[in-house]
Amino acid sequence: MTTSRLVLSVALAVSGCGDPPPPIDPGAHSADVEAWREWRHADLMQPDGWLSLVGLYWLEPGRNTFGADPVNKIVFPPENAPANIGQFVLDNDIVSMTVRSNLGVQVDGKLARWYMMSDPSLSESPVATMGSLRWHVIKRQERFAIRLKDSLSSTRIEFPGIEMFDLNPEWRFVATFDRYDPPETIKVPNILGTVSDQPSPGAVVFKAGRKKYRLDVTQERDHPHYFIAFADSTNGFETYGSGRFVWVDVEDKNGRVVLDFNKSYNPPCVFTDYATCPLPPRQNRLPLQIEAGEKDFKAPQMTLKL
């Protein structure tokens, strides 16, 4: 495709009213996506990023001992964990933790033997650290779990990167934002098999070919971006079978947003069995073959040395 046709194709990928935006320069678009790819790789490689996730342990009411010894209710991977670390106690909506004093476990940079890890007054769970290990409490509906990360996990240390589709500006759209007033409640399934009700402030509407499509978004409080979980016909083939994610900036004064599928990325569940990923809601399953963004990830096979 020539440069003039490429610029024209992007300029025409507009749905909605108002003055059309200026066409994006192909070089600027390429640089923008390349910068995003570098950020994405660096974010995954953070010591506490998704590649470091090595465990998810659902708590039972009462005492839950933990450590590498198999006699514990919660058994940490033995590579970097001592046999017996301590115990979690789940009492209604409160999770406390007691640890052995000689292990150097810290919370918020301070040593102590007892910690309140979760209660209704906390906006988020504090993070406990010991050596290369980090853990905190998560809540999914009415269940509590310990999420464990290890900065020395083999998935992180040996990560080869993610294969991407070639950059394709035809999968970048200047779309319109259809705001719901009041916000609608949408059903969002997750990898655990449960469904939650989440508020949606609106939908991104874009035109591909001769048809219009819409994707419902969600948004965390005061977050400057909308989050979209979507599925398309590449899922299970070139891309992860359970769909992908993409972020978009909030709309401008003309109600426009940029939807760039070249920045589509895999959910954490593609890297680990211990994530609790949302899945695309039914209305966000597109009858399109979106060959843009990240492809599926398969962990490299280890060679057995005899």
Side-chain angles (χ1 to χ4, degrees), residues 1-40 43 165-188 197-232 243-265 278 280-294:
M1 179 180 291
T2 65
T3 299
S4 60
R5 286 184 59 198
L6 185 146
V7 172
L8 179 61
S9 68
V10 175
L12 291 177
V14 179
S15 57
C17 304
D19 296 332
I24 188 171
D25 175 76
H29 182 222
S30 177
D32 177 55
V33 174
E34 184 58 33
W36 175 83
R37 290 177 176 180
E38 292 177 2
W39 169 85
R40 166 69 169 159
D43 186 61
F165 287 103
D166 291 339
L167 175 69
N168 187 345
E170 293 185 358
W171 286 113
R172 179 190 185 276
F173 300 92
V174 179
T176 56
F177 189 70
D178 181 13
R179 179 167 291 278
Y180 300 143
D181 188 15
E184 294 188 357
T185 299
I186 63 174
K187 301 288 186 181
V188 179
D197 292 332
Q198 295 190 18
S200 173
V204 171
V205 182
F206 67 100
K207 187 176 182 180
R210 297 183 177 181
K211 294 184 177 181
K212 283 188 176 182
Y213 301 92
R214 59 190 297 121
L215 293 166
D216 279 335
V217 309
T218 56
Q219 183 184 30
E220 296 182 7
R221 184 186 300 272
D222 299 323
H223 199 284
H225 301 87
Y226 295 131
F227 173 78
I228 300 173
F230 73 95
D232 69 276
R244 292 180 289 170
F245 301 157
V246 67
W247 292 90
V248 299
D249 292 338
V250 297
E251 68 273 24
D252 64 15
K253 63 181 181 180
N254 294 314
R256 293 189 298 239
V257 297
V258 173
L259 172 62
D260 194 346
F261 287 110
N262 291 283
K263 297 181 181 179
S264 302
Y265 65 99
R282 182 175 56 184
Q283 65 272 25
N284 282 8
R285 298 183 176 276
L286 300 172
L288 296 170
Q289 189 168 332
I290 302 176
E291 295 179 333
E294 290 184 353

Side-chain donor or acceptor of [X] paired with backbone N/O of [Y] under 3.5 Å:
| X | Y | result |
| --- | --- | --- |
| S200 | V217 | yes |
| R256 | F177 | no |
| E34 | E38 | no |

### Task
Give the intermediate values and the outcome of side chain to side chain contact (heavy atoms under 4.5 Å, CB included) for residues I186 and D197.
CA-CA 6 Å; I186 63 174; D197 292 332; over 6 Å; no
Taking the side chain as every heavy atom from C-beta outward, state whether [X] and [Y] have any atom pair closer than 4.5 Å.
| X | Y | value |
| --- | --- | --- |
| D178 | R214 | yes |
| V257 | T176 | no |
| S264 | R244 | yes |
| P287 | Y213 | yes |

### Task
Supply the atom-to-atom distance R172 CZ to I24 CD1, rounded to the nearest 0.5 angstrom.
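Output value for this atom pair is 3.5 Å.
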### Task
Working to the nearest 0.5 Å, report the span between NZ of K253 and CD of E251.
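Spacing of NZ (K253) from CD (E251) equals 14.0 Å.
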Which heavy atom of [X] sits nearest to which heavy atom of [Y], and what is that distance?
| X | Y | result |
| --- | --- | --- |
| V188 | P278 | CG1-CB, 4.0 Å |
| P280 | R285 | O-NH2, 3.6 Å |
| T218 | P199 | CG2-O, 3.9 Å |

### Test item: side-chain donor near acceptor, W247 and Y265, under 3.5 Å
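Side-chain D/A pair, W247 to Y265: present.
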### Message
Looking at E294 and K263, is any side-chain nitrogen of the basic one under 4.0 Å from a carboxylate oxygen of the acidic one?
### Response
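A salt bridge is absent here (no side-chain N lies under 4.0 Å from a carboxylate O).
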### Query
Do V204 and I228 pass the side chain to side chain contact (heavy atoms under 4.5 Å, CB included) test, and can you show the C-alpha distance, the side-chain angles, and the key distance before you say yes or no?
CA-CA 9 Å; V204 171; I228 300 173; 4.1 Å; yes
### Task
With sequence neighbours excluded, tell me which residues meet side-chain contact (heavy atoms from CB on, under 4.5 Å) with A292.
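With neighbours one apart ignored, the set is W171, F261, N262, I290.
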### Task
In sequence, state the C-alpha distance, the side-chain angles, and the governing distance for L215 and L259, and then conclude on side chain to side chain contact (heavy atoms under 4.5 Å, CB included).
CA-CA 10 Å; L215 293 166; L259 172 62; 4.3 Å; yes
### Message
Take a 6.0 Å sphere around CZ of R179 and say whether it holds more than 12 heavy atoms from other residues, nucleotides or ligands.
### Response
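Counting neighbours around CZ of R179, more than 12 heavy atoms of other residues, nucleotides or ligands fall under 6.0 Å, so yes.
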### Query
Would you call the rings of F245 and F227 parallel, tilted or perpendicular if under 30° counts as parallel and over 60° as perpendicular?
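The arrangement is perpendicular - the two ring planes meet at more than 60°.
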### Query
Which is it for D249 and Y226 under the side-chain hydrogen bond (donor to acceptor under 3.5 Å, both in side chains) test, yes or no, and what are the steps along the way?
CA-CA 6 Å; D249 292 338; Y226 295 131; over 6 Å; no
### Task
Might you work through the side chain to side chain contact (heavy atoms under 4.5 Å, CB included) test for D260 and H29, ending with a clear yes or no?
CA-CA 10 Å; D260 194 346; H29 182 222; 2.8 Å; yes
